[in-house]
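All remarks here apply to the structure that follows.
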Amino acid sequence: MAEISDVFFVDGMRTPFGRAGEKGMYWRTRADDLVVKAIIGVMERNPQVPAERVDDVAIAATTQQGDQGLTIGRTAAILAGLPQSVPGFAIDRMCAGAMTSVATMAGSIGFGMYDVALAGGVEHMGRHPLGGGGADPNPRFLTEKLVSADALNMGVTAERLHDRFPHLTKERADRFGMLSQHKAEAAYRAGRFQPDLVPVAVTGADGAWGLATEDEGRRPETTMEGLAHLKTPFRPHGRVTAGTSSPLTDGATVSLLAGGKAVRELGLKPKMRLVSYAFAGVQPEVMGIGPIPSTQKALAKAGLTIDDIGLFELNEAFAVQVLSFLDHYGIADDDPRVNPWGGAIALGHPLAASGVRLMIQLAAQFAEHPEVRYGLTAMCVGLGQGGSVVWENPYYDGKRRK
C-alpha cells in the first residue's frame with residue numbers, strides 16, 4: 001500500500017548555459033540533446049540508482065515544438081538510454097517550468113505513487129525564441145482588457161516595477177546587476193559551479209568540434225560606469241538595460257528526486273529535503289512581483305517566516321524584479337544570503353530550465369553552510385505568476401558560525 005513520504009533532492013546537474021543565437025555555442029546543438037546530456041550526467045553520478053527504478057521523467061519547455069516537442073520528457077528518456085519501461089512527459093509554466101516539473105514529481109513521490117523521478121527543463125532560445133512558437137492568444141485578452149497588449153514583453157513588465165516602486169532606482173538595479181557578475185566570476189574561480197556542469201560537445205561554424213564547459217554569457221568586467229551608459233531597449237529613457245536583465249540563453253537542467261523509502265533502500269545521500277512549495281498569480285503587467293505571494297504561501301505551508309530562511313536563490317529575470325522581492329521582505333540589496341554565487345543576469349536564464357539551476361546552487365551552498373537550516377528557491381513567471389520552494393539542509397548542525 002502506498003505511504004505518504006518525504007521528498008528529497010538527491011542530485012542535480014546542468015549543461016553550461018550558452019548565448020542564444022547564431023553566435024552562441026549551441027546554435028548547432030539540438031535542445032533534446034542538451035536534456036539527454038543532463039540526464040546521462042545525473043544518472044552516471046548516481047550509479048546506485050538502477051535506471052529501471054526511475055518512475056517518470058518530467059521535462060519542461062516553454063516552446064514545445066521542433067526539437068523541444070514530441071513529449072520531450074519521454075523522447076529524452078529514450079535517447080538517454082533509460083529503459084523503455086520508463087515513461088515521461090512534457091510540462092509548461094514558462095520560466096517556472098523546471099520548478100513545476102520538480103513540484104509535480106514531488107507530489108507523486110510524497111503521495112507514495114513514485115519512488116524515484118527525474119525532473120528538469122530545457123530552453124533553446126536560439127532555435128525557439130519566446131513567443132515564436134505560433135501561439136494564438138485569445139482575442140478576448142485584449143478586447144475585454146483582461147491583459148495589456150505588452151504583458152508578454154518581459155522588459156516592459158520590469159519597467160513597470162520601476163514605475164510602481166520609484167525607490168527601486170536604476171542605480172540600485174545597476175549595482176545589483178554588477179554584483180551578480182562579480183559574484184559569479186568569484187564562484188567560477190573558486191571552482192564552485194564546475195562539479196555540477198555536464199560538458200557538451202559542440203560544433204563551430206567551421207565544423208570544428210569543441211567542448212562547452214562553462215557558462216558563456218558572463219561579463220566579469222562589468223562596472224557601474226559601463227552600465228550607466230547602456231541603452232534602455234524597452235522604453236525611451238527607461239531604466240532596464242541589458243546589464244540588469246537576464247540574457248537570452250540556451251541550456252538544460254535535470255534533478256534526481258526520491259522518497260524516503262528509496263533513499264534508505266538505495267543508500268542515497270540527499271542534498272536537500274523539500275519542505276513546501278507554492279505558486280501564485282499576480283497581474284501579468286507586473287509579473288515580477290509574483291514570487292512575493294508565492295513565497296508567502298510556501299512559508300505559511302511550512303509554518304515558517306522569512307526570518308527562518310538562511311539562503312536565497314532568486315531567479316534574476318531582471319534586477320528590479322529581485323529588488324522588489326527583497327524590498328518587500330526587508331532584505332538588503334547586498335545581503336550575503338541572497339544569490340551568493342550570482343544569478344541569471346550573469347549565468348543566463350534558459351526559461352523552463354532555470355528552476356532546477358536554482359536548486360542545484362542552493363544544494364551546493366547547503367553543503368558549505370551547515371549552520372543554515374532552510375533555504376528558498378523562487379522566481380517570477382510570465383503571464384503574472386510566481387513560484388517558490390522551501391528546502392531543508394540535511395547538513396544542518398544547529399551551530400552558529402561567524
Side-chain angles (χ1 to χ4, degrees), residues 14-38 59-70 72 75-76 79 92 94-95 97-98 120-135 152-156 158 177 180-181 184-185 188 193 197-222 226-227 230-234 240-253 315-318 343-354 357 382:
R14 65 177 179 92
T15 68
F17 289 170
R19 290 194 187 106
E22 295 184 17
K23 296 182 180 180
M25 61 188 183
Y26 294 138
W27 181 244
R28 293 169 181 80
T29 304
R30 291 177 59 95
D32 47 13
D33 284 335
L34 293 176
V35 181
V36 167
K37 289 296 292 185
I59 300 296
T62 301
T63 303
Q64 296 189 11
Q65 66 172 19
D67 54 349
Q68 291 184 181
L70 200 62
I72 191 167
T75 55
L79 290 166
D92 173 25
M94 291 192 176
C95 304
V122 64
E123 212 72 58
H124 199 308
M125 299 185 75
R127 291 175 180 264
H128 309 288
L130 181 63
L152 273 178
N153 185 320
M154 301 305 169
V156 172
S180 179
Q181 297 285 356
E185 183 64 15
Y188 255 104
F193 289 114
L197 297 179
V198 180
V200 179
V202 296
T203 55
D206 58 358
W209 285 94
L211 195 64
T213 60
E214 294 188 357
D215 299 308
E216 187 179 26
R218 309 192 321 275
R219 296 182 176 87
E221 71 284 358
T222 299
L227 292 175
L230 293 178
K231 295 180 180 179
T232 58
F234 306 110
V240 180
T241 70
T244 55
S245 309
S246 57
L248 301 179
T249 312
D250 306 330
T253 61
N315 193 47
E316 299 170 357
F318 300 93
I345 290 173
L347 304 173
H349 176 27
L351 301 184
S354 286
R357 195 267 302 169

Discussion item. Less than 4.5 Å apart, side chain to side chain, heavy atoms only: is that true for Asp215 and Arg14?
Written reply: yes
Worksheet item: In Å and rounded to the nearest 0.5 Å, what is the CD to CG distance from Glu214 to Leu347?
Response: 11.0 Å
Item to complete: Start with the C-alpha gap between Arg30 and Arg127, add the side-chain angles, then the distance that decides, and say whether side-chain contact (heavy atoms from CB on, under 4.5 Å) holds.
Response: CA-CA 9 Å; Arg30 291 177 59 95; Arg127 291 175 180 264; 4.3 Å; yes
Worksheet, complete the sentence: On a heavy-atom basis, the closest approach of Thr62 and Leu130 is CG2-CD1, 4.0 Å
Worksheet item: Quick one: does Lys231's side chain get under 4.5 Å of Thr241's, heavy atoms only?
Response: no
Practice prompt. Verify side-chain contact (heavy atoms from CB on, under 4.5 Å) between Val122 and Asp32, making sure each step is shown before the conclusion.
Written response: CA-CA 8 Å; Val122 64; Asp32 47 13; over 6 Å; no
Worksheet item: Which heavy atom in Ser354 sits nearest to a heavy atom in Gly348, and how many Å separate them?
Response: OG-O, 4.5 Å
Worksheet item: Is there a side-chain contact between Leu211 and Val202 (heavy atoms, below 4.5 Å)?
Response: no
Fill in: Leu351 side, atom CG; Asn315 side, atom CG - distance, nearest 0.5 Å
9.5 Å
Discussion item. Going by side chain to side chain contact (heavy atoms under 4.5 Å, CB included), Thr29 matches just one of Asp250, Thr203, Asp67, Leu34. Which one?
Written reply: Leu34
Worksheet item: Which heavy atom in Ile59 sits nearest to a heavy atom in Gly121, and how many Å separate them?
Response: CG2-CA, 4.1 Å
Fill in: Result of checking Ser180, Ser246, Ser245 against Glu316 for side-chain hydrogen bond (donor to acceptor under 3.5 Å, both in side chains)
Ser180
Practice prompt. Measure the OG1-CZ distance between Thr249 and Arg19 for me, rounded to the nearest 0.5 Å.
Written response: 10.0 Å
Worksheet item: So do the side chains of Cys95 and His349 get within less than 4.5 Å of each other, counting heavy atoms only?
Response: yes
Worksheet item: If we ignore angles and hydrogens, is there a donor and acceptor under 3.5 Å between the side chains of Gln68 and Glu123?
Response: yes
Worksheet item: If you look at every heavy atom in Ala212 and Met25, which pair is closest and at what distance?
Response: CB-SD, 3.6 Å
Worksheet item: Would you say Asn153's side chain and Phe234's backbone share a donor-acceptor pair under 3.5 angstrom?
Response: no
Worksheet item: In chain order, what residues pass the side-chain contact (heavy atoms from CB on, under 4.5 Å) check against Leu227, with sequence neighbours excluded?
Response: Asp174, Met178, Thr222, Leu230
Discussion item. Apply side-chain contact (heavy atoms from CB on, under 4.5 Å) to residues Thr253 and Phe17 and explain how you reach the verdict.
Written reply: CA-CA 10 Å; Thr253 61; Phe17 289 170; 4.0 Å; yes
Worksheet item: Between Ala346 and Ala184, which heavy-atom pair has the shortest distance, and what is it?
Response: CB-CB, 3.7 Å
Discussion item. I need the minimum non-hydrogen distance between Ile345 and Gln181, along with the two atoms involved.
Written reply: O-NE2, 3.3 Å
Item to complete: Report the residues that fulfil ring-ring contact (aromatic ring centres under 6.0 Å, His included) with Tyr188, sequence neighbours left out, ordered by chain and then residue number.
Response: Phe193
